[in-house]
J.: 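First, the structure itself, so that you have it in front of you.
Values reported hereafter were calculated over all heavy atoms of this structure, with side chains retained and with hydrogens, waters and symmetry mates removed. Numbering of ligands and ligand atoms starts at 1, following listing order.
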Amino acid sequence: MLINKNDLPLVAEDFMNDVHFEDVEIINNLYEKLLTYINDSTKENKNIFIDNYQEWYDHTVAHFKGEEEKMLELNFPPYMMHKSEHERCLEQMRLILEHFIKNEDSQILRNYFESDLVNWLINHIHTMDTVTAMFFKTGQSPCHAH
Ligand SMILES: [Fe+2]
Ligand SMILES: [Fe+2]
């Protein structure tokens, strides 16, 4: 298991927490598929990993879209800031997969999962998602805190 669900910061909106828990389940499963491929680098294991990665990407697009639509609906002031973090994350996910497909370099992938991704996810939920969920719940703009 790469990420323990109990380590995930909880935000004020359950619809977001639910998606984050789904995300962790998908990531943990994907990480297992990666380890399987590293132990036994067959074409079949590679394809299983890539298919699962693509499903994770689609889930992440929907995850981010769900937050962005509600931010627009409620006129969340730092919408662009939050959205651009999402876009950078998706871009990195695409680049990492493309690199793996071309070079079959599983070490970069492994490093990505074990450090960059885990750090990004925890940090993003702890900052952007936390502030955004509080705004959804209370209508309080985070700008008031400064
Ligand atoms: Fe989120
Ligand atoms: Fe987010």
J.: When you measure from the Fe ion (ligand 1) to each N, O or S atom of E67, which atom gives the shortest distance?
T.: OE2

J.: Suppose you place the vertex at the Fe ion (ligand 2); what is the angle out to H86 NE2 and H124 NE2, to 10°?
T.: 90°

J.: Please state the angle at the Fe ion (ligand 1) spanned by NE2 of H63 and NE2 of H20: what is it, rounded to 10 degrees?
T.: 90°

J.: Which residue is it: D23, N17, L8? I am looking for the one with a side chain to side chain contact (heavy atoms under 4.5 Å, CB included) to I125.
T.: L8

J.: Would you kindly say whether H86 and E67 are connected by a side-chain donor-acceptor distance under 3.5 Å?
T.: yes

J.: Centroid separation under 6.0 Å, is that true for the rings of F49 and Y53?
T.: yes

J.: Report the atom name of the nearest N/O/S atom of D129 relative to the Fe ion (ligand 1).
T.: OD2

J.: Check this for me, if you would: do E69 and K65 make a salt bridge, where the nitrogen-to-carboxylate-oxygen distance has to be below 4.0 angstrom?
T.: yes

